[in-house]
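This report refers to the structure that appears directly beneath it.
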Number of protein chains: 2
Amino acid sequence: MPYRHDDTEECKECHLIADVSENELIDLAELFKIFGDSTRIKILFDLFHGEKNVTQICEDLEMNQSAISHQLKILRTSKLVSARREGKAMIYALADDHVRMIIEMGKEHIEE
Amino acid sequence: MPYRHDDTEECKECHLIADVSENELIDLAELFKIFGDSTRIKILFDLFHGEKNVTQICEDLEMNQSAISHQLKILRTSKLVSARREGKAMIYALADDHVRMIIEMGKEHIEE
DNA sequence: CGCTCATATGAATATATTATCATATGTTCA
DNA sequence: TGAACATATGATAATATATTCATATGAGCG
């Protein structure tokens with residue numbers, strides 16, 4: 001397929017690094033799908049300010065605890081947030097700076 | 001809500017530009033949702049190499065013409081691709097460089 | 001231990017999304 | 001004009017997804 005380049009050089013036409021396999025594209029779609037839900041995006045933005053426990057997130061988003069937990073599980077499975085226990089509470093945090101960058105990127109597009 | 005900052009300064013904690021409204025977050029999720037489908041991502045990657053007509057895209061992705069047209073419509077509505085007619089054919093192209101950047105960004109995350 | 005608080009999970013329902021099929025629209029050309 | 005090609009569109013069916021409800025798990029504490 002044309003979106004798979006022939007070698008590992010940068011393509012002159014599209015300036016994209018070569019060797020984008022079909023599986024990589026599917027993974028990429030999977031990643032974006034995670035960001036493509038308003039509840040999850042809100043959770044991620046909520047965590048921009050620093051780590052929070054589930055109850056706090058529920059209050060911030062004014063949403064059902066179960067709904068939040070289900071979405072947190074998806075975010076954790078996708079390695080976009082990390083979780084640690086502190087007493088009775090679970091503390092969630094953004095997993096890495098990529099999450100910030102990806103969101104900033106989309107945000108720029110929106111703001112034009 | 002906490003993901004809405006108080007002023008237009010950059011937040012010291014999260015380094016995010018202020019004033020992210022709920023509606024902006026919903027729009028952002030909408031944008032990512034578009035990238036969150038493997039057919040659409042494949043189309044976008046296909047167009048990295050330059051503009052193409054519908055038939056070419058169908059051949060590249062080995063997919064049904066109708067399925068491709070439906071997805072192209074979504075991409076066009078979202079302003080991620082542009083279309084122009086050339087005789088019988090419709091020529092599609094990536095709308096702007098943001099599309100490239102957003103995909104590159106996600107790609108970096110995947111590749112770690 | 002038994003109670004309470006915090007979170008997770010399974011099942012069910014409601015909703016959204018995608019691909020397919022059939023068909024319509026639009027263009028070229030004889 | 002009408003046949004052939006290119007693309008778009010509407011309806012349908014299959015599948016995926018999100019939220020809610022009920023309940024389970026787990027930690028702290030008297």
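In what follows, every chain begins at residue 1, and chains take the letters A, B, ... in the order their sequences are listed.
- In terms of phosphate contacts, Ser69(B) brings no side-chain nitrogen or oxygen within less than 4.0 Å of OP1 or OP2 of dT9(D).
- Positionally, the nearest nucleotide of DNA chain C for Ala83(A) lies more toward the 5' end than for the other of Ala83(A) and Gln71(B).
- From the 5' end on, the contacts that DNA chain C makes with chain B at under 4.0 Å to a non-hydrogen atom open and close at dT17(C) to dT28(C).
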Open item on the list: Run Arg100(A) and Leu94(A) through side-chain contact (heavy atoms from CB on, under 4.5 Å) and show every step you take.
Closed with: CA-CA 8 Å; Arg100(A) 289 170 197 275; Leu94(A) 293 188; 4.2 Å; yes

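- Ring to ring, Phe32(A) and Phe35(A) are not that close: their centroids are 6.0 angstrom or more apart.
- Rounded to an integer number of Å, the gap from CG of Asn64(B) to C1' of dT9(D) is 13 Å.
- Side-chain N/O atoms of Arg85(B) include none lying less than 4.0 angstrom from OP1 or OP2 on dA6(D).
- Stacking of the aromatic ring of His70(B) onto the base of dT9(D) is found: the ring centres lie under 5.5 Å apart and the planes are inclined by under 30°.
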Task: CA sep, side-chain torsions, deciding dist, call: Arg84(B), Glu51(B), side-chain contact (heavy atoms from CB on, under 4.5 Å) - done: CA-CA 10 Å; Arg84(B) 71 166 206 279; Glu51(B) 47 181 36; 2.8 Å; yes

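- Judged by closest nucleotide on DNA chain D, Asp37(A) is the one of Asp37(A) and Ser66(A) placed further toward the 5' end.
- Between Thr55(A) and Glu59(A), the closest side-chain pair of non-hydrogen atoms falls below 4.5 Å.
- Between the P atom of dA6(D) and the CD atom of Glu86(B) lies a distance of 13 Å, rounded to the nearest Å.
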- [ ] Report the C-alpha separation of Ser69(A) and Gln65(A) in whole Å, then their side-chain angles, then the decisive distance to 0.1 Å, and conclude whether the side-chain hydrogen bond (donor to acceptor under 3.5 Å, both in side chains) test is met.
- [x] CA-CA 6 Å; Ser69(A) 271; Gln65(A) 177 266 318; 3.1 Å; yes

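- Using a 4.0 Å heavy-atom distance criterion, Ala89(B) is classed as a sugar-phosphate-only contact.
- Under 4.0 angstrom from either OP1 or OP2 of dT20(D) there lies no side-chain N or O belonging to Gln65(A).
- Of the charged side-chain nitrogens involved, none lies within less than 4.0 Å of a carboxylate oxygen, so that Lys33(B) and Asp37(A) do not count as a salt-bridged pair.
- Looking at which nucleotide of DNA chain D each of Arg40(A) and Gln56(B) is closest to, the 5′-most match is held by Gln56(B).
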